[in-house]
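In each ligand, atom 1 is the first atom listed, and ligand 1 is the first ligand listed. Fair warning: this is a prediction, and the values are worked out from it, not measured in the lab.
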Amino acid sequence: RAKADGRNRLRLYEPALHRRLMEDCSLEDALRRALVNDELRLVYQPQFDAGDPERLVGAEALLRWEHPERGAVSPGHFIPVAEKSDLITELGRRVEKILCEQVGAWRAAGLDPPPISFNVSPRDFREGEFATALFQCMTHHGIGADQLQLEFTEGTLTERSDIVHEEIRRLHRQGIHLAIDDFGTGYSSLVNLKRLPLAELKIDKSFVGGLGTDENDEAIARASLAMARALALRTVAEGVETPQQLAWLRAHGCDRVQGFLLAHPLEAEDFRAMLQGTRRAR
Ligand code: C2E
Ligand code: MG
Ligand code: MG
Ligand code: MG
C-alpha cells in the first residue's frame, strides 16, 4: 500500500490524478470534521422474509453523511477515501457506537428490533483490534451478540488473512453472526466460504438487477443460492426493485429480500415506527 502510494506521488503531473488526490484530501479533512461535528448518522433498511414479505426479519444499517455545504455525500464515495487513511478505523468505531446506542434505546423503549447488520471495511479487520473494540461497545450499551450481525465483502479476505481469520473466529466465538456481502463481485476463494464460520450470504444487487430478464445474472444467482444451501448459509438478495425479481427469488428459494421494492433505507424514527407497527413472528 505505502509503496503504491509512493508511486502515485511521482505521477502528480497527471492532471486528472492530481485533481482526484486534491479532492480526496479535502474530502478527508471534511470527514475528519464530520466526526467531530456529528454529521454522520445511520439509516436502517428493512429486510423481509422472501416467502412472506410482510414479515420483518432484519435490517441493514447504512452510514449517511450530511456535509454542511455539499449536502449528502454517498458512502460509496467517502468510504473509499476513509479507507485510504486512518479515518476508517474511527469511522467504524463511530458506526458501532451509533448502532449500539440506537439498539439499546429501542430496547429500553420496549421494542424488539430484529438483528441489525452493519458493514465493516477490510481495514477494520486488518488492525486486529476490531473484535475487542466491538465487544467493549456492546457491553457498554448492554447489547447481546444476537442483536447484531456483521457484513464484510470478499475483499476483506484477500489480505492479511491470518489476522482477519482470527478476528472472524473471535467474533464467531462470541456468537456474532457474519454475512458475506456483495457475493460474487470480489476475488476471494470459495475455500473461504467453507473455512469461515459464516451465517449468511448476500447476493449482490448487480445480479439481482437482471433476474427475470438476464440469463447470465440468473445463472449466477442460481449457482450462488445452490452453493449457499449446500453450505447451510442463509441467503439475502439486496437491491430487489421489481415484483418480477421478488418472484424469481422466491421461486428459487432465496430466504430474505432487501430493496427499494420493499423499503428504502429509513431514518431511525421511521424504522422505529415500523418496529412499533409490526409484530415480529419468530
Ligand atoms: P452495501 O453494503 O452493499 O449496501 C447496499 C447498498 O444498496 C446501499 O447503498 C443501499 O442503499 C443500496 N440499495 C438498497 N436497496 C436498493 C435497491 O433496491 N436498489 C438500488 N439501486 N440500491 C439499493 P449505500 O447506502 O449508498 O451504501 C453503499 C455502500 O457503502 C454499501 O454497500 C457499503 O459497502 C458501504 N457502506 C455503507 N455504510 C457503511 C458503513 O457504515 N461502514 C462501511 N465500512 N461501509 C458502509
Ligand atoms: Mg452491506
Ligand atoms: Mg451489499
Ligand atoms: Mg452491494
Measuring from [atom], which candidate in [options] has the nearest non-hydrogen atom?
atom: atom 25 (O) of ligand 1; options: Glu96, Arg64, Gln45; value: Arg64
atom: atom 8 (C) of ligand 1; options: Thr242, Leu62, Leu42; value: Leu62
atom: atom 28 (C) of ligand 1; options: Ser206, Pro75, Ala237; value: Pro75
atom: atom 42 (N) of ligand 1; options: Leu91, Val257, Asn119; value: Asn119

Would you check if there is a donor-acceptor pair between the side chains of [Y] and [X] at a distance under 3.5 Å?
X: Glu60; Y: Gln45; value: no
X: Thr156; Y: Arg123; value: no
X: Asp182; Y: Thr153; value: no

Which atoms of ligand 1 sit under 4.0 Å from any heavy atom of [X]?
X: Gly259; answer: 15 (N), 18 (O)
X: Glu238; answer: 3 (O), 5 (C)
X: Asp182; answer: 3 (O)
X: Glu241; answer: 17 (C), 18 (O), 19 (N), 20 (C), 21 (N)

Under a single-linkage definition using a 4.5 Å side-chain heavy-atom cutoff for Ile, Leu, Val, Met, Phe, Trp and Tyr, are Val43 and Met274 assigned to the same hydrophobic cluster?
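No.
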Let me check something: do Leu87 and Leu40 share a hydrophobic cluster, defined by ILVMFWY side-chain heavy atoms less than 4.5 Å apart, either directly or through other members?
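Leu87 clusters together with Leu40.
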Worked check of side-chain hydrogen bond (donor to acceptor under 3.5 Å, both in side chains) between Ser85 and Arg32:
CA-CA 11 Å; Ser85 74; Arg32 237 174 259 286; 4.6 Å; no
Results of ring pair (Phe, Tyr, Trp, His ring centres under 6.0 Å) for Tyr44 - residues two or more places apart only:
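Ring pair (Phe, Tyr, Trp, His ring centres under 6.0 Å) list for Tyr44, sorted by chain: Trp106, Phe271.
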Atom of Asp181 closest to the Mg ion (ligand 2), considering N, O or S atoms
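The closest N, O or S atom of Asp181 to the Mg ion (ligand 2) is OD2.
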Should the proximity of [X] to ligand 1, defined as any heavy atom under 4.0 Å, be assigned to the side chain, the backbone, both, or neither?
X: Val95; result: side chain
X: Lys205; result: side chain
X: Val240; result: backbone
X: Asp181; result: side chain
X: Pro265; result: side chain

Using a distance threshold of 2.8 Å, state whether an N, O or S atom of Asp182 lies below it from the Mg ion (ligand 3).
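Yes, since at least one N, O or S atom of Asp182 sits under 2.8 Å from the Mg ion (ligand 3).
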Could you tell me whether any N, O or S atom belonging to Glu151 is less than 2.8 Å from the Mg ion (ligand 3)?
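No - counting backbone and side chain alike, Glu151 has no N, O or S atom under 2.8 Å.
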With a 4.0 Å cut-off on heavy atoms, is Gly239 in contact with ligand 1?
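So Gly239 counts as touching ligand 1.
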Is Gln258 near ligand 1, meaning one of its heavy atoms is under 4.0 Å from it?
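In this structure, Gln258 fails to qualify as a contact of ligand 1 - no heavy atom is under 4.0 Å.
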Atom pair [atom1] ([X]) and [atom2] ([Y]), whose distance is rounded to the nearest 0.5 Å:
X: Leu266; Y: Leu42; atom1: CG; atom2: CG; value: 13.0 Å
X: Glu238; Y: Glu151; atom1: CD; atom2: CD; value: 7.5 Å
X: Ser121; Y: Leu91; atom1: OG; atom2: CG; value: 7.5 Å

Under the salt bridge (Lys or Arg N to Asp or Glu O under 4.0 Å) rule, what pairs show up with a residue in residues 91-111, not counting sequence neighbours?
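Counting only pairs at least two positions apart or across chains, the salt bridge (Lys or Arg N to Asp or Glu O under 4.0 Å) contacts touching residues 91-111 are Asp38-Arg94, Lys97-Glu101.
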Given side chains that start at C-beta, do those of Phe125 and Ile168 come closer than 4.5 Å, heavy atoms only?
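Yes, close enough: below the 4.5 Å cut-off.
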Specify which N/O/S atom of Glu238 comes nearest to the Mg ion (ligand 3), by atom name.
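For Glu238, the N, O or S atom at the smallest distance from the Mg ion (ligand 3) is OE1.
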Short check: any N/O/S atom of Ser117 below 2.8 Å from the Mg ion (ligand 2)?
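No N, O or S atom of Ser117 is closer than 2.8 Å to the Mg ion (ligand 2), so no.
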Strictly under 2.8 Å, is any N, O or S atom of Glu60 next to the Mg ion (ligand 2)?
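A backbone or side-chain N, O or S atom of Glu60 is under 2.8 Å from the Mg ion (ligand 2).
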If I apply the N/O under 3.5 Å rule, does Leu63 come out as touching ligand 1?
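It does: an N or O of Leu63 is found under 3.5 Å from an N or O of ligand 1.
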Under 4.0 Å between a Lys/Arg side-chain N and an Asp/Glu carboxylate O for Glu267 and Arg41?
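Looking at Glu267 and Arg41, the cut-off is met.
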